[in-house]
Amino acid sequence: AAIYGKMTPQELLWAVTLDAARVLKMDSEVGSLEIGKRADIALWGLPGISSLPYFFGNVVADEVFIGGDLVFENPVSVRRY
C-alpha cells in the first residue's frame with residue numbers, strides 16, 4: 001500500500017488501526033489509544049513512523065501489550081523509547 005497505493009506512513013497506520021476497527025464495528029472498544037478502550041499496543045524500536053514501511057515484515061516488536069498487560073518482551077531489542 002505504501003508503494004503502489006502511495007499511502008503515507010500515517011495513512012497506513014490509520015488503515016490498520018482505527019479504520020480496521022470501524023469496519024469490524026469495534027471502534028468504540030479498540031483501534032485508537034483513548035480512555036475506556038482496550039490497550040492493545042505494539043512498540044517497535046524504529047527511528048520514527050516514516051521508517052515503518054521500509055521494515056515491514058522484518059522487525060519483531062520490542063514489547064506487546066494486550067488489554068494493557070505485557071504479553072511479549074523481545075530479549076534482544078534495544079529500547080529507543
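Keep in mind that what you see is a predicted model, and the values were worked out from it rather than measured.
Taking Ser28 as the reference, nothing meets the side chain to side chain contact (heavy atoms under 4.5 Å, CB included) condition, with sequence neighbours excluded. Shown here are the side-chain hydrogen bond (donor to acceptor under 3.5 Å, both in side chains) partners of Glu34, two or more places apart in sequence or in another chain: Ser32, Lys37. Applying the side-chain hydrogen bond (donor to acceptor under 3.5 Å, both in side chains) criterion to Arg38, with sequence neighbours excluded, gives Asp40. Qualifying side chain to side chain contact (heavy atoms under 4.5 Å, CB included) partners for Leu33, counting only residues two or more places apart in sequence or in other chains: Ile41.
To the nearest 0.5 Å, atoms OG1 (Thr8) and CD (Glu11) are separated by 3.5 Å. Interatomic distance, Trp44 CH2 to Asn74 CG, rounded to the nearest 0.5 Å: 13.0 Å. Atom CG in Asp27 sits 5.5 Å away from atom CZ in Arg22 (nearest 0.5 Å).
The hydrophobic cluster containing Leu18, built from Ile/Leu/Val/Met/Phe/Trp/Tyr side-chain heavy atoms closer than 4.5 Å, also comprises Trp14. Membership of the apolar cluster around Leu24 extends to Met26, Val30, as traced through chained side-chain contacts below 4.5 Å between ILVMFWY residues.
Glu63 is listed as a side-chain neighbour of Leu70, based on a closest heavy-atom distance under 4.5 Å. Side-chain contact check for Leu13 versus Gln10: every heavy-atom pair is 4.5 Å or farther apart. The closest side-chain heavy-atom distance from Asp62 to Phe72 is not below 4.5 Å.
Closest non-hydrogen pair, Ala21 versus Gly31, comes out as CB-CA, 3.9 Å. In terms of heavy atoms, Ala42 sits closest to Ala61 at CB-CB, 4.5 Å. Between Gly48 and Ser51 the shortest heavy-atom distance is O-OG, 2.7 Å.
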